[in-house]
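Keep in mind the model is a prediction, meaning the values are calculated, not measured. Below, read A as the first sequence line, B as the second, and so on, with proteins coming before strands; counting in each chain starts at 1.
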Amino acid sequence: MKHHLISAADLTRDDAVLILDTAEEMARVADRPIKKLPTLRGRTVVNLFYEDSTRTRISFEAAAKRLSADVINFSAKGSSVSKGESLKDTALTLEAMGADAVVIRHHASGAPYRLANSGWIDGSVVNAGDGTHEHPTQALLDAFTVRRRLVGRDAGMGRDLAGRRITIVGDVLHSRVARSNVLLLNTLGAQVTVVAPPTLVPIGVESWPCEVSYDLDAVLPKSDAVMMLRVQRERMNAAFFPTEREYARRYGLNGDRMARMPEHAVVMHPGPMNRGMEITAEVADSDRCTAVEQVANGVSIRMAVLYLLLGGNESAAAHTSRTDAVRTEETE
Amino acid sequence: MESMDTNSHTGGPVTARPVLEAPDIARVLTRIAHEIVERAKGADDVVLLGIPTRGVFLARRLAGKLEQITGRTVPVGSLDITMYRDDLRLRPARALARTEIPGDGIDGRLVVLVDDVLFSGRTIRAALDALGDIGRPRAVQLAVLVDRGHRELPIRADYVGKNLPTSLRETVKVLLSEEDGRDTVLLGVRETDQS
């Protein structure tokens, strides 16, 4: 991790484990009566959202506020953006206001990269989802949830996901969550399989560090975790599959299919869920479904990311693995 | 955690001489345990909170000794103060250590903070802030293995293992068997100051 968090591919294994471990400590704060730390007092975090996403925005907002940062929410709707202001001019405005971090959600893939590398702003840029490209904090919170469920809360500290088999099911083509997850889970040592109808597998998937399958039933018995992706109805303008019923029948997760998964395996969903489409209510409401946990874990992960990017005079960069950081601490 | 504002990580002690050896450390901890029992009139409501890393080991050892003396279990926890430090923006972000508050909490209890070295006092100030966010103890006391002086804040320890007058050029390094394989306190000179 450098000064910014743009892509899950930017994270080394040590960076990723450091973020997960830090999030574990942040999660303890959520259990306390006073859920607030003075760590980022006087820092300003701007949530720059060009696309509506209430849950991601409030998750980042809660994370920044728990660390005592000042939060400015900037929604493109009704702002000067709708009057034609460019990303550059918005960025210069934020820079002039002294933003220490900009959390950006944009419909165009690559917008956060542009913002981070253009020299328009000095602060850290955190990608909160860009087009169909990436959503690294979602991948981190998914990895955090998997580690907690499969390895354990305390036992997981310092550990990665080596040897775990994780299956990602659904609309991989349009999913930034899938792309970030494949990259991050691979970095953490997990074996990833994506399962989707052939029409929803992106071109170039063979260069991804994962296997591809079109047969969900064949993959389920050897999965430690199954991540269901949301079918993005708003993006289904072309005929990607014949009918919703057929999709649900072949790629939807129902009680029968869940019974074929190993005893310990968990079902994940980034939300919002289309019940009856990619997941049945029976599965969504079962103990094995982590959707609600993922929301809570999202705040802890975003606290960890904001702390590691803004908590010092420079970010806990790639050079500082957890062990090094601990050693520095101890010699003081 | 000796200080929040030195750069001791840039140069460790090169010539270091031991000022406390393992038997001395065991003896001073026994003395501190007795002092705690005496001042608290028993150890009924005492909670020990160690400051990571070595303060936690010292807190556990003290709890063991308190149990021997009073015959009852004394709750032990750890209190990471990283996120309460006043020098966060002076250095790269650092990894967090574990905060573990005993199940019954600290409300109305006598909290004894335990650390290895007391220096500027900034670590303890941060610890007091952290405690305020966790609960409201009846009273807070401080036990340290070594007090090396050079306070920058009006803070003093209630229980001191050894007062060790030092110069700012000197370093104090506490080694404990749980982490370092042996028990000793070393007094050295900063590498950067040696010519």
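Interface residue A/Lys36: only backbone heavy atoms are found under 4.5 Å from chain B. Interface residue A/Pro33: only side-chain heavy atoms are found under 4.5 Å from chain B.
The minimum heavy-atom distance linking B/Arg98 with A/Asp154 is given by the pair NH1-OD1, 3.4 Å. Taking each heavy atom of A/Gly311 and B/Ala93 in turn, the nearest pair found is C-CB, 4.2 Å. In plain terms, the two heavy atoms of A/Tyr307 and B/Met83 that are nearest each other are CE1-CG, 4.2 Å.
Annotation: A/Asp287, atom CG; neighbour count of heavy atoms from other residues, nucleotides and ligands within 6.0 Å does not exceed 12. Crowding of A/Arg153 atom CZ: a count of heavy atoms from other residues, nucleotides or ligands under 6.0 Å exceeding 12.
Looking at A/Arg28 and B/Ile101, their side chains never come closer than 4.5 Å, going by heavy atoms from C-beta outward. Looking at A/Arg41 and B/Leu88, their side chains never come closer than 4.5 Å, going by heavy atoms from C-beta outward.
Each of A/Arg43, A/Lys35, A/Arg32 has some count of heavy-atom pairs under 4.5 Å with chain B, and the biggest count is that of A/Arg43. Interface check for chain A: of the options B/Asp133, B/Thr99, B/Asp129, the most heavy-atom pairs under 4.5 Å are formed by B/Asp133. Comparing A/Leu67, A/Leu37, A/Leu40 by heavy-atom pairs within less than 4.5 Å of chain B, the highest count is held by A/Leu37.
Note: B/Arg89 CZ to A/Leu310 CG = 9.0 Å, rounded to the nearest 0.5 Å.
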